[in-house]
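A short write-up of the structure that comes next.
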Amino acid sequence: MNDLFSLEGKVAVVTGGAGQLGGEIARGLAARGAEVASFDIAPTEEGDGVRGFQVDVTDRGAIEQATARLSRAPHVLVNAAALDSPPDAPAEEVGRFEDYPSESLDQVMQVNVKGTLLACQVIGARMAEAGRGSIVNVSSIYGMLSPVQELYDFRRAGGETFFKPVAYSVSKSALYNLTRYLATYWAKSGVRVNTLTLAGVWNDQPQEFLDAYTARMPLGRMADAQEVVGPVVFLASDASSYVTGANIVVDGGWSAW
Ligand SMILES: NC(=O)c1ccc[n+]([C@@H]2O[C@H](COP(=O)([O-])OP(=O)(O)OC[C@H]3O[C@@H](n4cnc5c(N)ncnc54)[C@H](O)[C@@H]3O)[C@@H](O)[C@H]2O)c1
């Protein structure tokens with residue numbers, strides 16, 4: 001049964017592997033036996049089985065160069081690189097929808113959508129040539145459902161304007177159909193493509209936000225970063241061999257009511 005989840009002998013690329021969840025995912029895949037490459041603009045914490053490559057995912061050439069340095073065509077690609085605005089984001093990022101800067105939209109779409117698409121283009125193509133592979137596109141509950149703007153009331157208490165910005169939601173929504181498009185496009189080539197939808201992960205957010213968020217959350221708490229590893233191992237491994245084009249929702253029950 002254990003072998004079903006083994007990643008022994010597999011090569012995995014995790015974009016955003018220097019980040020909170022990307023780092024956890026990279027270490028989690030390595031612990032299951034994968035040789036892991038993190039593609040990130042920031043330096044990755046390297047360790048057992050994890051190697052860092054400085055790659056801007058909006059740059060197709062940079063993805064190609066780093067991929068060419070891997071020992072073999074990747075078996076696994078996890079697209080976790082992204083831009084977001086946390087609950088304590090600076091005021092200029094979190095104004096009214098009517099005033100949302102189009103430059104910010106462009107930046108977020110470049111990384112979250114174009115960056116994911118380019119990584120799929122380059123690495124998915126290698127997978128299809130090799131006749132096997134699993135791609136996991138990391139989305140968010142805020143791409144599946146609207147953000148609950150009331151959770152940020154604490155930011156408005158002193159008269160400040162605060163809205164969770166629209167670009168993140170729009171960009172994360174786009175991943176569902178990128179996933180479905182590629183799942184059918186590469187189905188006969190042995191490449192599976194799925195979305196993993198996550199809700200909020202604990203990362204020392206302001207207490208007022210934590211209180212409001214966890215009150216709305218059926219499980220009554222935010223996710224621990226390590227709790228994203230199991231679903232990624234499932235999607236990356238043979239345990240999910242009949243799963244493609246799907247959306248695996250790991251949200252503590254957020255979308256259940
Ligand atoms: N943390 C959460 O609560 C949460 C909830 C739902 C979904 N997610 C999703 O999980 C994924 C990981 O989130 P996280 O919380 O670890 O974020 P994070 O900000 O800690 O990590 C994101 C990483 O992406 C990298 N990055 C940004 N632009 C890049 C580029 N152009 N090229 C290469 N790398 C780039 C950053 O350097 C960073 O290391 C994201 O897709 C995010 O949307 C996170």
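Computed from a prediction, not measured in an experiment: that's the story for all the values here. All values below were derived from every heavy atom in this structure, side-chain atoms included, with hydrogens, water molecules and symmetry-related copies excluded. Order of listing sets the numbers, starting from 1, for every ligand and every atom in it.
Counting the atoms of ligand 1 from 1 in the order shown, those under 4.0 Å from a heavy atom of K172 are 40 (C), 41 (O), 42 (C), 43 (O). Within the listing of ligand 1, atoms 37 (O) sit less than 4.0 angstrom from a heavy atom of A42. Those atoms of ligand 1 that come under 4.0 Å of a heavy atom in S139, given as number and element, are 7 (C). Every atom of ligand 1 is numbered from 1 in the order shown, and the set under 4.0 Å from a heavy atom of G16 is 23 (C), 24 (O). Atoms of ligand 1 found under 4.0 Å from any heavy atom of G200, numbered from 1 in the order shown, are 3 (O). Close approach of ligand 1 to V138 is summarised as follows: ligand atoms under 4.0 Å from at least one heavy atom of the residue are 9 (C), 10 (O), 11 (C), 41 (O).
Nearest approach of G28 to V229, heavy atoms of both residues: CA-CG1, 3.7 Å. Looking at every heavy atom in both residues, C120 comes nearest to W186 through O-CH2, 3.2 Å.
Annotation: atom 33 (C) of ligand 1 to nearest protein heavy atom, V55 O, 3.2 Å. In this structure, the protein non-hydrogen atom closest to atom 31 (N) of ligand 1 is D56 OD1, 2.9 Å. Closest protein heavy atom to atom 38 (C) of ligand 1: D40 OD2, 3.6 Å. Looking only at heavy atoms of the protein, atom 32 (N) of ligand 1 is closest to V57 N, 2.9 Å. Ranking the protein heavy atoms by distance from atom 5 (C) of ligand 1 puts A199 O, 3.2 Å first. Of all protein heavy atoms, the one closest to atom 17 (O) of ligand 1 is Q20 N, 4.7 Å. Protein heavy atom at the shortest distance from atom 40 (C) of ligand 1 is A80 O, 3.1 Å. The protein heavy-atom contact nearest to atom 16 (O) of ligand 1 is L21 N, 2.7 Å.
Note: no N/O pair closer than 3.5 Å links A81 and ligand 1 by distance alone. Ligand 1 has no nitrogen or oxygen under 3.5 angstrom from a nitrogen or oxygen of V111. Polar contact with ligand 1: absent for L198 (N/O pair, distance under 3.5 Å).
Evaluated by nearest non-hydrogen atom to atom 27 (C) of ligand 1, the leading choice among A18, A82, S38 is A82. Nearest to atom 42 (C) of ligand 1 by heavy atom, out of F53, F39, Y168, is Y168.
The residue from S85, P165, S171 that alone fulfils the side-chain contact (heavy atoms from CB on, under 4.5 Å) condition with V108 is S171.
Judged as a salt bridge (charged side-chain N to carboxylate O under 4.0 Å, His left out), the pairs with a partner in residues 161-187 (not counting sequence neighbours) are, in order, D84-K164.
In this structure a side-chain-to-backbone donor-acceptor pair under 3.5 Å is present from Q205 to N203. For D59 (side chain) and A62 (main-chain N/O), a donor-acceptor pair under 3.5 Å exists by modelled atom type. Side-chain atoms of R192 come within 3.5 Å of backbone N or O of L235 as a donor-acceptor pair. Using a distance-only test at 3.5 Å, with no hydrogens or angles considered, a donor-acceptor pair links the side chain of R72 to the main chain of G9. Although no hydrogens or angles enter the test, the distance criterion places a donor-acceptor pair under 3.5 Å between the side chain of R155 and the main chain of P87.
Atoms NZ and CZ, from K10 and R32 in turn, are 12.5 Å apart once rounded to the nearest 0.5 Å. Rounding to the nearest 0.5 Å places OG of S38 at 10.0 Å from CD of Q54. Residue N112 holds its CG atom at 6.5 Å from OG1 of T116, rounded to the nearest 0.5 Å.
Residue contacts with ligand 1 do not include D84, since none of its heavy atoms lies under 4.0 Å from the ligand.
Atom 19 (O) of ligand 1 is never approached by the protein to below 4.0 angstrom, counting heavy atoms only. For atom 8 (N) of ligand 1, the nearest protein heavy atom lies closer than 4.0 Å.
Residues L29 and L198 fall within the same hydrophobic cluster, defined by Ile, Leu, Val, Met, Phe, Trp and Tyr side chains chained together at heavy-atom separations under 4.5 Å.
With a 4.0 Å cut-off on non-hydrogen atoms, N79 does not touch ligand 1 at all.
Clustering of Ile, Leu, Val, Met, Phe, Trp and Tyr side chains at separations under 4.5 Å places Y176 together with V94, I141, Y142, M144, L145, V148, L151, Y152, F154, F162, Y168, W202, F209, L210, Y213, M217, M222, V249, W254.
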